[in-house]
**Q** 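Encoded as structure tokens, here's the structure I'll be asking about.
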Amino acid sequence: MNGNLFTTIEAAIADPARPFLHADGRKTLSYGDMLETSARYANLLASLGVKPGDRVAVQTDKHVDSVWFYLGCLRAGAVYLPLNPAYTPAEVSYFADDAEPGLVVCEPGSLATLRSTLGAAVSRIETLDAAGTGTLQQLVRDMPATFNTVVAGPDDLAAILYTSGTTGRSKGAMITHENLRSNAMSLVESWRFSAGDVLLHALPIFHTHGLFVAINTVMLSGASMIYLPKFDIDAVMAALPRATTMMGVPTFYTRLLADNRFDRAAASHMRLFVSGSAPLSAETHRGFTARTGHAILERYGMTETNMITSNPYDGERRPGAVGFALPGITVRIADPETGTPLPQGEVGVIEIEGPNVFSGYWRMPEKTEQEFRPDGFFITGDLGYVDPEGYFTISGRAKDLIISGGFNVYPAEVENALDALQSIGESAVIGLPHADFGEAVTAVVTARPGRTVDESAIRGELESVLAKFKIPKRVLVKDALPRNAMGKIQKNALREEFAGLYT
Ligand code: ATP
Ligand code: MG
């Protein structure tokens with residue numbers, strides 16, 4: 001059997017005339033269009049000399065052709081390597097040196113700079129753009145509309161995705177066809193995707209969430225998607241009536257809640273809202289239910305593993321929790337030092353095993369070895385615990401754990417307590433160097449619109465909910481918290497900004 005993900009995608013097409021992609025200003029594109037255009041791109045890749053296993057690095061905006069090109073890469077057996085369009089040429093150069101792509105694809109506007117920055121390291125650079133005038137788009141028209149999808153074995157790579165770089169330099173995660181196939185199948189099942197679904201797609205497609213979770217799930221269920229270039233509140237409100245489901249990062253949901261047009265009527269026809277990539281605060285979860293009657297389904301995953309846990313489709317979607325292990329995946333809470341499983345309720349490192357787990361970090365064998373236990377479990381680096389009903393809750397990243405006066409303080413617990421206070425919009429809790437405590441628990445917050453944050457009042461209010469050692473020594477107010485494109489709070493940036501606060 002051909003283990004290429006595209007073979008499974010193709011087999012799931014019940015009727016090529018069914019709609020696949022709705023984009024503004026274009027006719028609806030069908031599954032038949034998808035088959036044809038992806039075949040043309042696969043032929044083009046072969047004609048450019050891209051062989052199975054070659055890396056193809058892509059730094060473009062979110063176009064329709066970027067989807068066709070991703071699928072063309074799958075079919076040609078190339079290893080798809082998407083890059084955030086916000087990366088500078090110098091950053092792209094780091095990834096190109098690391099991954100040695102046989103082909104780099106960019107926007108026409110960045111061709112000249114990229115060519116001079118990358119120099120001789122990359123033999124071929126081509127372009128794609130929204131208008132269809134890129135070099136690949138000109139060549140692809142003359143290519144045949146059929147292609148025999150390249151055979152992939154269980155270990156063959158479909159993609160290398162660089163992690164978001166939240167805790168340090170991004171690492172290239174090697175992802176196989178089987179990782180993607182198994183995960184997309186279980187999401188279709190777990191979230192009850194079917195051909196009648198229309199997914200509102202406003203996520204970027206250089207990251208696991210928008211690329212794999214969203215698009216692969218749509219394709220394996222025969223659903224369609226409304227493909228928006230980005231999350232623009234007016235465009236999202238306009239598209240919502242035609243959608244049945246939406247996947248978003250937590251900031252999508254806070255932005256929807258900040259808009260008065262988003263009310264019960266606007267969401268009444270929707271089947272499902274999914275959140276992930278960063279913690280969804282229990283406050284936002286509850287606010288969303290109060291406004292719309294819908295409980296957001298929060299799930300947890302990472303670049304290295306695709307999706308790991310999910311709240312249930314049927315049953316309670318618990319605010320602040322990330323739910324249960326997906327089918328076929330084993331999740332355990334272990335002692336960070338030894339990897340020994342911990343009793344229910346104790347906080348430890350989240351470790352996982354299953355067909356979703358990547359095959360290692362690209363050209364980092366030592367790093368790869370460090371992140372796996374001898375029995376094959378992958379150490380996620382996230383801390384968490386299981387409650388008596390089996391729901392997993394994330395307590396923060398191991399790297400963000402604060403040790404203050406010898407006590408462990410889990411940032412998520414303090415953030416939840418802060419978010420529940422009337423005056424606070426969002427919060428990030430970090431540890432900063434402190435002469436007496438080693439690290440001092442410090443909160444950086446934003447004020448809720450129309451409110452002001454009173455530092456000593458906040459600390460007073462926390463006394464009734466948190467043990468004294470967990471209460472932030474300082475509560476600092478900013479207009480906004482630094483976030484990346486996936487809505488992840490950049491705690492490294494905050495630690496740097498306030499490094500000298502207590503010294
Ligand atoms: P890097 O590994 O380079 O530091 P990163 O871990 O942010 O960056 P990603 O792979 O994009 O890169 O993100 C995975 C991480 O996102 C998880 O390890 C977890 O910390 C966080 N995450 C994802 N979903 C959730 C969620 N529902 N709740 C809390 N955290 C989440
Ligand atoms: Mg990570």
Side-chain angles (χ1 to χ4, degrees), residues 82-84 87 91 94-95 98 159-175 179 183 187 203-213 247-253 273-282 284-285 296-311 317-326 331 349-352 356-358 361-362 364 367-368 370-371 378-385 391-401 410-413 415-416 419 428-429 482-493 495:
L83 293 170
N84 186 338
Y87 287 150
E91 286 166 322
Y94 159 77
F95 295 110
D98 189 43
I160 294 178
L161 256 64
Y162 282 83
T163 58
S164 300
T166 309
T167 57
R169 189 137 226 191
S170 297
K171 302 142 281 184
M174 299 191 285
I175 299 165
N179 292 154
N183 209 242
L187 295 181
L203 290 159
I205 56 163
F206 56 81
H207 185 267
T208 299
H209 196 166
L211 184 63
F212 300 144
V213 183
M247 292 183 192
V249 295
T251 45
F252 286 13
Y253 296 109
F273 293 93
V274 180
S275 176
S277 293
L280 177 74
S281 81
T284 305
H285 193 292
I296 298 173
L297 185 154
E298 185 177 13
R299 93 302 182 276
Y300 157 61
M302 48 195 306
T303 307
E304 293 92 330
T305 61
N306 290 281
M307 299 307 100
I308 305 168
T309 70
S310 171
N311 270 280
R317 300 177 192 162
R318 191 165 291 182
V322 294
F324 310 109
L326 286 164
V331 184
V349 68
I350 303 174
E351 302 189 349
I352 65 162
N356 57 316
V357 178
F358 74 139
Y361 293 110
W362 172 258
M364 294 172 101
K367 172 84 181 154
T368 303
Q370 276 168 21
E371 307 302 329
F378 171 61
I379 308 165
T380 63
D382 291 313
L383 299 174
Y385 62 92
Y391 284 82
F392 283 89
T393 295
I394 296 175
S395 312
R397 295 167 185 263
K399 286 190 173 159
D400 293 335
L401 172 71
Y410 301 102
E413 188 187 358
E415 287 158 3
N416 286 338
D419 293 345
V429 170
R483 288 180 185 273
N484 76 357
M486 299 308 293
K488 292 171 189 283
I489 296 177
Q490 307 294 288
K491 289 192 174 179
N492 278 348
R495 279 190 286 259

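A quick note: this is a predicted structure, and the numbers were derived from the prediction, not measured. One-based numbering, in listed order, for ligands and for the atoms of each.
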**Q** Determine whether any heavy atom of M486 lies closer than 4.0 Å to an atom of ligand 1.
**A** no

**Q** Would you please name every residue forming a salt bridge (Lys or Arg N to Asp or Glu O under 4.0 Å) with E413, sequence neighbours left out?
**A** K470

**Q** Would Y300 and F392 count as a ring pair (Phe, Tyr, Trp, His ring centres under 6.0 Å) if you check the C-alpha gap in whole Å, the side-chain angles of each, and the deciding distance to 0.1 Å?
**A** CA-CA 9 Å; Y300 157 61; F392 283 89; 8.5 Å; no

**Q** Counting only N and O atoms by type, is there a donor-acceptor contact under 3.5 Å from the side chain of T163 to the main-chain atoms of K171?
**A** yes

**Q** When you measure from atom 27 (N) of ligand 1 to every protein heavy atom, which one gives the shortest distance, and what is it?
**A** R299 O, 2.7 Å

**Q** What are the atoms of ligand 1, with element, lying closer than 4.0 Å to any heavy atom of G301?
**A** 14 (C), 17 (C), 23 (C), 24 (N)

**Q** Just to verify, what does E415 make a salt bridge (Lys or Arg N to Asp or Glu O under 4.0 Å) with, not counting sequence neighbours?
**A** K491

**Q** What is the nearest protein non-hydrogen atom to atom 12 (O) of ligand 1, stated with its residue, atom name and distance?
**A** S164 N, 3.2 Å

**Q** Quick one: which ligand 1 atoms are inside 4.0 Å of a heavy atom on V322?
**A** 27 (N)

**Q** Quick one: which of T309, T303, I489 has a heavy atom closest to atom 9 (P) of ligand 1?
**A** T303

**Q** Look at atom 7 (O) of ligand 1 and say which protein heavy atom is nearest, naming residue and atom and giving the distance to 0.1 Å.
**A** T166 OG1, 2.5 Å

**Q** Can you tell me if H207 contacts ligand 1 (heavy atom of the residue under 4.0 Å from the ligand)?
**A** yes

**Q** Give me the nearest non-hydrogen protein atom to atom 18 (O) of ligand 1 as residue plus atom name, then the distance to 0.1 Å.
**A** D382 OD2, 2.6 Å

**Q** Starting from atom 4 (O) of ligand 1, which protein heavy atom do you reach first, and at what distance in Å?
**A** T167 OG1, 2.5 Å

**Q** Judged on heavy-atom distance to atom 24 (N) of ligand 1, which of G323, S277, G396 sits nearest?
**A** S277

**Q** Quick check: do F252 and V249 have side-chain heavy atoms less than 4.5 Å from each other?
**A** yes

**Q** Find all atoms of ligand 1 within a distance of less than 4.0 Å from any non-hydrogen atom belonging to P279, and give their numbers and elements.
**A** 28 (N), 29 (C), 30 (N)

**Q** So do L211 and P82 actually touch side chain to side chain, heavy atoms under 4.5 Å?
**A** yes

**Q** Report the member of M302, K488, E304 with the shortest heavy-atom distance to atom 13 (O) of ligand 1.
**A** K488

**Q** Counting non-hydrogen protein atoms only, what is the nearest one to atom 6 (O) of ligand 1? Give residue, atom name and distance.
**A** R397 NH1, 2.9 Å

**Q** A side-chain contact here means heavy atoms from C-beta on lying under 4.5 Å apart; do R299 and V213 qualify?
**A** yes

**Q** Could you tell me the residue and atom name of the protein heavy atom closest to atom 2 (O) of ligand 1, and the distance to it rounded to 0.1 Å?
**A** K171 NZ, 3.2 Å

**Q** Do L297 and F273 come within less than 4.5 Å of each other through their side chains, counting heavy atoms only?
**A** no

**Q** Please identify which atoms of ligand 1 are closer than 4.0 Å to at least one heavy atom of E298.
**A** 26 (C), 27 (N), 28 (N)

**Q** Does F358 form a ring pair (Phe, Tyr, Trp, His ring centres under 6.0 Å) with F378? I'd like the steps, not just the answer.
**A** CA-CA 9 Å; F358 74 139; F378 171 61; 5.1 Å; yes

**Q** Among K367, E371, E304, find the residue that satisfies the side-chain hydrogen bond (donor to acceptor under 3.5 Å, both in side chains) test when tested with Y361.
**A** E304

